[in-house]
Every structure is written in C-alpha cells, then in structure tokens.
Amino acid sequence: MKIIFWVVVLFGSCYSFWYAYYLIKDKNKLGAFGMALVGLLIGVFSFMVRLK
C-alpha cells in the first residue's frame with residue numbers, strides 16, 4: 001500500500017512540474033508558478049502525512 005501511495009504522489013508531483021514546463025514555454029509564467037507550487041505541495045504534504 002505504501003508503494004502505491006508513493007507512486008501516486010510521485011506521478012502527481014512530476015506531472016505538475018511537467019505541465020509547468022510547458023506553461024513556461026507558452027509564456028504563462030503565473031500559471032507555471034502555480035503548477036510548480038502544486039507539485040511542491042503534493043510532495044511536502046505527502047511527506048508530512050507519512051511522518052504522522
């Protein structure tokens with residue numbers, strides 16, 4: 001179950017950063033910042049959940 005959790009977390013985080021990269025290429029810096037922030041928060045919150 002832990003492996004499935006971390007696979008989903010890594011996929012969500014990587015997808016967010018990948019989408020932010022394409023938003024930067026389209027000159028949408030605010031959207032790219034938001035997507036990168038979402039990717040970062042997915043990683044941080046899942047790590048905090050794991051610590052509890």
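The analysis underlying the following values was restricted to heavy atoms, covering all of them including side chains, and did not include hydrogens, waters or symmetry mates.
V7 belongs to a hydrophobic cluster whose other members, connected by ILVMFWY side-chain contacts under 4.5 Å either directly or through intermediates, are I3.
More than 12 heavy atoms of other residues, nucleotides or ligands shown are found within 6.0 angstrom of CZ on F17.
Listed by chain and number, the residues in a side-chain contact (heavy atoms from CB on, under 4.5 Å) with V9 are F5, W6, I42, S46 (sequence neighbours excluded). Legend: residues meeting side-chain contact (heavy atoms from CB on, under 4.5 Å) with F11, ordered by chain and number and at least two apart, are absent. By the ring pair (Phe, Tyr, Trp, His ring centres under 6.0 Å) test, Y15 pairs with W18, sequence neighbours left out.
S13 places a side-chain N or O within donor-acceptor distance of the main-chain N or O of G39, the cut-off being under 3.5 Å.
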Listing, residues 21-30 side-chain donor-acceptor contacts under 3.5 Å, not counting sequence neighbours, or none:
{"residue": "N28", "atom": "OD1", "partner": "G31", "partner atom": "N", "Å": "3.1"}

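Note on L37 and M48: same hydrophobic cluster, where clusters join Ile, Leu, Val, Met, Phe, Trp and Tyr whose side-chain heavy atoms are under 4.5 Å apart, directly or indirectly.
Minimum heavy-atom separation, M35 to A20: CB-CB, 3.9 Å.
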